[in-house]
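What's counted below: heavy atoms across the whole structure, side chains too, no hydrogens, waters or symmetry copies. Throughout, a chain's letter reflects where its sequence line sits, starting with A, and its residues are numbered from 1.
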Protein chains: 4
Amino acid sequence: MSRNARKTEILRTAAGVFREKGFHGARIQDVADRLGMQKGSLYYYISSKEDLLRGLVEEPIRAMNQEVRELLDTGYAPAQKLARVIELHLRYFQEHRDIFGIFLREDIELLDQTSDSDLRALLRTYEDYWDELLQEGIADGVFREDIDRSVITKAVIGMCNGTFTWFNPDGRYPIQEIARLLADFALRGVCREESVPSERIASP
Amino acid sequence: MSRNARKTEILRTAAGVFREKGFHGARIQDVADRLGMQKGSLYYYISSKEDLLRGLVEEPIRAMNQEVRELLDTGYAPAQKLARVIELHLRYFQEHRDIFGIFLREDIELLDQTSDSDLRALLRTYEDYWDELLQEGIADGVFREDIDRSVITKAVIGMCNGTFTWFNPDGRYPIQEIARLLADFALRGVCREESVPSERIASP
Amino acid sequence: MSRNARKTEILRTAAGVFREKGFHGARIQDVADRLGMQKGSLYYYISSKEDLLRGLVEEPIRAMNQEVRELLDTGYAPAQKLARVIELHLRYFQEHRDIFGIFLREDIELLDQTSDSDLRALLRTYEDYWDELLQEGIADGVFREDIDRSVITKAVIGMCNGTFTWFNPDGRYPIQEIARLLADFALRGVCREESVPSERIASP
Amino acid sequence: MSRNARKTEILRTAAGVFREKGFHGARIQDVADRLGMQKGSLYYYISSKEDLLRGLVEEPIRAMNQEVRELLDTGYAPAQKLARVIELHLRYFQEHRDIFGIFLREDIELLDQTSDSDLRALLRTYEDYWDELLQEGIADGVFREDIDRSVITKAVIGMCNGTFTWFNPDGRYPIQEIARLLADFALRGVCREESVPSERIASP
DNA sequence: AATGAATGAGCATTCATTCAT
DNA sequence: TATGAATGAATGCTCATTCAT
């Protein structure tokens with residue numbers, strides 16, 4: 001197994017452990033145990049427990065950013081893009097519950113470390129994409145001109161992040177349906193009155 | 001000083017310490033130091049560090065709930081109530097940053113402990129109030145009938161909670177302005193098209 | 001037992017352990033074991049292993065300094081004072097072999113830490129006393145005017161410190177005899193030719 | 001590069017690292033890093049960290065011994081030889097500060113390991129040379145008959161070793177001057193009164 | 001009500017060394 | 001010769017909690 005594959009394996013395993021026990025509750029020992037290796041050997045791949053966490057969180061955000069970027073570059077109408085980004089956000093959060101769970105719990109701590117960390121940059125990029133999306137919608141005349149893009153971006157992201165706490169995969173609605181409801185809610189918030197797409201058009 | 005006053009003083013002090021260092025980063029010693037007492041003596045008032053945290057978080061949520069209850073009982077129009085609840089939520093979060101900061105970071109863990117904790121009940125109550133508000137708006141014919149009250153409630157709460165991470169008191173907007181922007185966004189999401197209040201009416 | 005007595009007991013015990021195993025070779029555990037207490041409890045009295053070492057070394061040097069000070073303040077002739085300081089130095093080194101053994105091995109490290117440490121000041125004081133002694137002898141006309149007081153001081157101290165490595169209590173000479181021989185050697189080095197005291201006068 | 005050259009390079013590098021960080025503070029990793037090789041590879045040349053240290057220390061002492069031997073075999077007068085040995089000692093200590101610094105700090109430990117180590121023998125030889133020198137001076141009638149050769153030897157060596165701690169290359173005196181002052185001091189200690197050489201003759 | 005001493009379990013990290021390749 | 005991965009023992013220090021006084 002290549003060094004890189006090994007590192008990936010370690011990250012994946014750590015993700016599970018951190019999720020189950022929380023970052024503080026998890027011991028490096030636990031990660032090592034689950035990998036069937038010595039605690040000390042882990043340090044051949046990581047430099048600290050915090051480093052492990054950081055490495056863990058960055059990857060899926062990076063991937064998410066990339067998917068959003070690709071979406072923005074398509075020819076979909078802004079409203080549709082918005083709905084799709086929300087769905088994508090929710091999907092990522094659910095598919096990587098382990099990691100985002102950690103992220104949401106620890107992010108403040110993580111971000112405080114170095115203001116120019118990769119992580120901070122990634123988050124800024126994600127917000128920039130939202131900003132771009134809103135701008136496009138305004139230029140197209142479908143989103144209201146008077147929205148505060150920065151605040152709305154943060155509002156929508158907060159709304160999406162919140163699903164982590166309350167969404168239940170075994171509940172009444174599947175995640176796509178939640179995404180549709182949230183997108184509908186958000187679109188009403190940003191569209192000019194006459195432009196609110198009828199629901200079934202807004203969501204893909 | 002009465003036992004109760006002392007306990008309150010301890011809670012308040014702990015709140016500050018937890019906020020500054022995080023729950024895990026704070027030591028009982030720190031709390032004792034700041035109170036000018038021995039850490040052993042603290043245990044005359046509290047039963048554990050976790051207990052301290054729990055006691056801490058419940059109070060402002062309880063107070064918040066009460067304010068919301070009172071608001072709901074006024075004669076304001078639903079749209080106005082909604083705007084005011086959002087403002088209230090944001091105001092509480094900022095005024096008790098210490099405590100809510102902890103809460104947002106630790107809640108899952110805390111709640112998992114005992115599913116029938118007071119805390120869980122308080123949070124349920126807060127959601128119920130939102131549900132009641134939305135119901136009233138629908139009954140009044142101002143809110144759309146087809147919104148999913150449960151999902152929208154959670155969406156709005158998530159949106160408000162998010163401010164904790166990004167709101168900057170020294171930033172462009174004061175918290176009231178943020179509240180207004182979020183309320184406006186939310187109202188567009190829930191109101192029947194013809195009922196969206198013009199901005200300045202919506203916010204108190 | 002008072003807090004202070006306890007601390008003293010800890011210092012004494014640590015001295016023995018450090019001497020036997022060397023500072024690096026000794027574990028805090030060893031010290032705790034020998035005291036019949038928990039490792040963690042030690043930290044109620046000390047703040048770190050290094051702190052333990054520092055506290056250890058300072059005390060006898062302080063005591064030694066004081067004895068030298070008192071000696072300088074007597075009416076003995078400079079040559080006699082010199083002989084007595086050497087004897088005193090050797091006696092301290094042998095009586096506190098544990099501690100000075102550590103000191104000699106670790107001093108560089110210890111001193112590098114903070115240039116204004118108590119330890120450094122103590123050592124400077126000790127050298128100052130030697131300087132004062134030499135000055136007095138020169139003023140009295142018994143020590144040569146052309147000696148470099150600073151260098152000679154260091155030479156004599158080095159000579160004395162060296163005994164730590166080679167002096168054997170079970171050897172041919174008792175420590176007093178060694179002191180006499182070294183004093184004799186040193187006196188010939190610093191006295192004007194005609195003033196070298198006949199041996200038996202020089203030593204007390 | 002031959003195995004031997006490689007080993008020499010390793011020793012030299014290790015010397016620098018040990019000097020900078022101390023034996024305990026230095027890691028094998030550091031040595032490997034500075035050599036641009038893997039730490040595992042080092043073990044092809046050395047058998048342990050301690051072995052590395054031992055190998056390191058022996059060489060310059062061996063070289064020093066040899067120079068002293070050669071000096072003793074010249075026709076210089078004993079007083080001159082003594083002055084030159086002191087200068088040689090100081091020069092070696094300064095030129096190989098790295099190694100002697102380690103030696104002075106660790107010798108006891110190292111020597112304790114195997115009492116019949118090469119190192120111990122080398123040190124004994126060095127003392128024997130001093131003894132021989134003193135004997136020659138006595139036979140020549142320039143050194144006093146009543147000195148205790150063994151004690152004086154150790155006194156002088158201690159005095160010289162001490163320079164390691166206090167000599168500062170950027171200080172008032174260059175090392176040669178210190179050597180001259182110490183030699184002068186020592187000569188007064190060992191010479192018959194009438195034989196103390198006038199300073200400038202004593203030193204070469 | 002408060003103290004001060006003691007506890008004891010817990011844990012990340014380091015590092016010399018080994019060894020298959 | 002050299003590599004790189006893995007080992008595993010070692011250890012200083014923290015801290016919530018207890019409890020006799």
Side-chain angles (χ1 to χ4, degrees), chain A residues 1-3 5-7 10 23-32 35-52, chain B residues 1-3 6-7 10 23-32 35-53, chain C residues 1-3 5-7 10 23-32 35-53, chain D residues 1-3 6-7 23-32 35-53:
Chain A
M1 193 185 306
S2 83
R3 180 184 179 83
R6 194 79 167 126
K7 169 119 194 196
I10 290 172
F23 179 68
H24 290 287
R27 289 164 303 147
I28 285 291
Q29 186 69 258
D30 299 326
V31 179
L35 282 160
M37 75 196 307
Q38 289 297 116
K39 196 163 53 163
S41 312
L42 268 179
Y43 284 83
Y44 187 70
Y45 297 93
I46 66 167
S47 66
S48 74
K49 195 185 172 192
E50 287 226 326
D51 170 70
L52 189 53
Chain B
M1 192 185 304
S2 81
R3 177 182 178 81
R6 195 79 168 131
K7 168 120 195 197
I10 291 173
F23 179 68
H24 289 287
R27 294 165 304 155
I28 286 290
Q29 184 70 261
D30 297 326
V31 179
L35 283 161
M37 71 198 309
Q38 291 299 113
K39 72 181 166 205
S41 315
L42 272 179
Y43 283 83
Y44 187 72
Y45 298 95
I46 66 167
S47 66
S48 78
K49 194 186 174 191
E50 288 225 326
D51 169 69
L52 190 52
L53 177 55
Chain C
M1 192 185 305
S2 82
R3 179 184 179 83
R6 194 78 167 128
K7 169 118 195 198
I10 289 172
F23 179 67
H24 289 287
R27 290 164 304 147
I28 284 290
Q29 185 70 258
D30 299 326
V31 179
L35 283 160
M37 75 197 307
Q38 288 298 116
K39 196 164 53 164
S41 312
L42 269 179
Y43 284 83
Y44 187 69
Y45 296 94
I46 66 168
S47 66
S48 76
K49 195 185 173 191
E50 287 226 324
D51 170 70
L52 191 52
L53 177 54
Chain D
M1 192 185 303
S2 82
R3 176 181 180 81
R6 196 81 167 127
K7 168 118 195 197
F23 179 67
H24 289 287
R27 294 165 304 153
I28 286 290
Q29 184 69 260
D30 298 325
V31 179
L35 283 161
M37 71 198 310
Q38 290 300 113
K39 71 181 169 206
S41 314
L42 272 179
Y43 283 82
Y44 187 73
Y45 298 95
I46 65 168
S47 67
S48 78
K49 194 186 173 190
E50 288 227 324
D51 169 69
L52 190 52
L53 177 56

Pairwise 5' ranking along DNA chain E for A:Ser47 and B:Ser41, keeping only the more 5' one:
B:Ser41
Identify the 5'-most and 3'-most nucleotides of DNA chain E with at least one atom closer than 4.0 Å to a non-hydrogen atom of chain A.
E:dC11 to E:dT14
Expressed as a whole number of angstroms, how long is the span from D:Arg27:CZ to F:dA10:C1'?
16 Å
Would you mind classifying the nucleic acid contact of C:Ala26 as base, sugar-phosphate or nothing, using non-hydrogen atoms under 4.0 angstrom?
sugar-phosphate
Tell me: NE2 of D:His24 to P of F:dG12, nearest whole Å?
13 Å
How many Å lie between CG on A:Leu42 and P on F:dT7, as a whole number?
10 Å
Whole-Å gap separating C1' (F:dT14) and CD (B:Gln29):
11 Å
For C:Gly40 and for B:Ile46, locate the closest nucleotide of DNA chain F by heavy-atom distance; then report the residue assigned to the nucleotide nearer the 5' terminus.
C:Gly40
Using whole Å, what does the distance between atom P of nucleotide F:dG4 and atom CD1 of D:Ile28 come to?
18 Å
What side-chain donor-acceptor pairs closer than 3.5 Å can you find for residues 35-46 of chain D, not counting sequence neighbours?
{"residue": "D:Ser41", "atom": "OG", "partner": "D:Gln38", "partner atom": "O", "Å": "3.4"}

Run the side chain to side chain contact (heavy atoms under 4.5 Å, CB included) test against B:Ser47 and tell me which residues pass, sequence neighbours left out.
B:Asp51
Please report, rounded to the nearest Å, how far the P atom of F:dT11 is from the NZ atom of A:Lys39.
13 Å
Roughly, in whole Å, what's the span from NZ in B:Lys49 to P in F:dA16?
5 Å
What dot-bracket string describes DNA chain E from 5' to 3', counting Watson-Crick and G-U wobble pairs whose defining distances are under 3.5 Å, with [ ] for crossing pairs and | for pairs to another strand?
.||||||||||||||||||||
Listed partners of C:Arg3 passing salt bridge (Lys or Arg N to Asp or Glu O under 4.0 Å), at least two apart
none
Hey, which sits more toward the 5' end of DNA chain E by its nearest nucleotide, C:Tyr45 or A:Tyr43?
C:Tyr45
Are any of the side-chain heavy atoms of C:Phe23 and C:Lys49 separated by less than 4.5 Å?
yes
